[in-house]
Amino acid sequence: QVQLVESGGGLVQAGGSLRLSCAASGRTFSSYIMGWFRQAPGKEREFVARFSGGNTYYAESVKGRFTFSRDNAKNTVYLQMNSLKPEDTAVYYCAARESISSEYKYWGQGTQVTVSS
């Protein structure tokens, strides 16, 4: 079992920055593939970033602005978000899965990010 708790969301002006954190419980945290997703009002949840196989993958809409990182010693992953735009407004979720061939099984409760124009 893995429990995930996000933090770091808030209200920021366009062009600003936020860093989201996702703290995970469980001794096998380092073996999980971690990802970030977001869901804007009235829209489906969408992929933002993930780290797997030593590589980081980003949605085209955030590439060059967002940076995914993880600290296995702290059981935490981060999403540094720079040059934020109003269209980045959403609830952001971190998620964990056991392998690249499995679905994301564990989800956090989400943290709200609001970017004002």
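Start at 1 with the first residue, then count along the sequence.
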Query raised in the report: So do W36 and V77 actually touch side chain to side chain, heavy atoms under 4.5 Å?
Result: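 Yes, their side chains come closer than 4.5 Å.
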Requested in this report: Indicate yes or no: at least one non-hydrogen side-chain atom of V113 is less than 4.5 angstrom from one of M81.
Outcome: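 Yes, side chains in contact.
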Requested in this report: Looking only at non-hydrogen atoms, find the nearest pair between A96 and M34 and report the distance.
Outcome: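 Looks like CB-SD, 3.5 Å.
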Query raised in the report: What closest approach, in Å, do Y58 and T67 show between heavy atoms, and which atom pair accounts for it?
Result: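 Smallest heavy-atom distance, with atoms named: OH-CA, 3.4 Å.
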Tabulate below the donor-acceptor pairs under 3.5 Å that side-chain atoms of residues 8-23 make, not counting sequence neighbours, or state none.
unit_1, atom_1, unit_2, atom_2, d
S17, OG, N82, OD1, 2.9

Query raised in the report: Is any NZ, NE, NH1 or NH2 atom of the basic residue among R38 and E46 found under 4.0 Å from an Asp or Glu carboxylate oxygen of the other?
Result: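 The answer is yes: the pair qualifies as a salt bridge.
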Query raised in the report: With sequence neighbours excluded, what pairs up with N75 under the side chain to side chain contact (heavy atoms under 4.5 Å, CB included) test?
Result: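 So N75 forms a side chain to side chain contact (heavy atoms under 4.5 Å, CB included) with F29.
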Report task. State which residues pass side chain to side chain contact (heavy atoms under 4.5 Å, CB included) with K74; sequence neighbours excluded, sorted by chain then number. Result ->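 If we apply the side chain to side chain contact (heavy atoms under 4.5 Å, CB included) test to K74, skipping adjacent residues, the hits are D71, T76, Y78.
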Given 3.5 Å as the limit, does a donor-acceptor pair link the side chain of [X] with the main chain of [Y], or not?
X    : Y    : answer
S25  : Q3   : yes
Q109 : E6   : yes
T89  : V115 : yes

Query raised in the report: side chain to side chain contact (heavy atoms under 4.5 Å, CB included) between Y106 and E98: does it pass, once the steps are laid out?
Result: CA-CA 9 Å; Y106 305 102; E98 295 172 345; 4.2 Å; yes
Report task. Taking salt bridge (Lys or Arg N to Asp or Glu O under 4.0 Å) as the test, write out the residues that go with E60, two or more places apart. Result ->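 Only K63 meet the salt bridge (Lys or Arg N to Asp or Glu O under 4.0 Å) criterion with E60.
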Distance in Å, [X] [atom1] paired with [Y] [atom2], rounded so as to fall on 0.5 Å steps:
X   : Y    : atom1 : atom2 : result
Y92 : Q112 : OH    : CD    : 9.5 Å
S61 : K85  : OG    : NZ    : 8.0 Å
T56 : F51  : OG1   : CZ    : 5.0 Å
Y32 : K105 : OH    : NZ    : 7.0 Å

Query - Residue pairs involving residues 41-85 (criterion disulfide (SG to SG under 2.5 Å); sequence neighbours excluded) - result: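 Output for this query is empty, none listed.
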Requested in this report: Any chance you could pull the hydrophobic cluster mates of I100, using side-chain heavy atoms under 4.5 angstrom and chaining through other members?
Outcome: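 In the cluster with I100 are I33, F37, F47, Y57, V91, Y93, Y104, W107.
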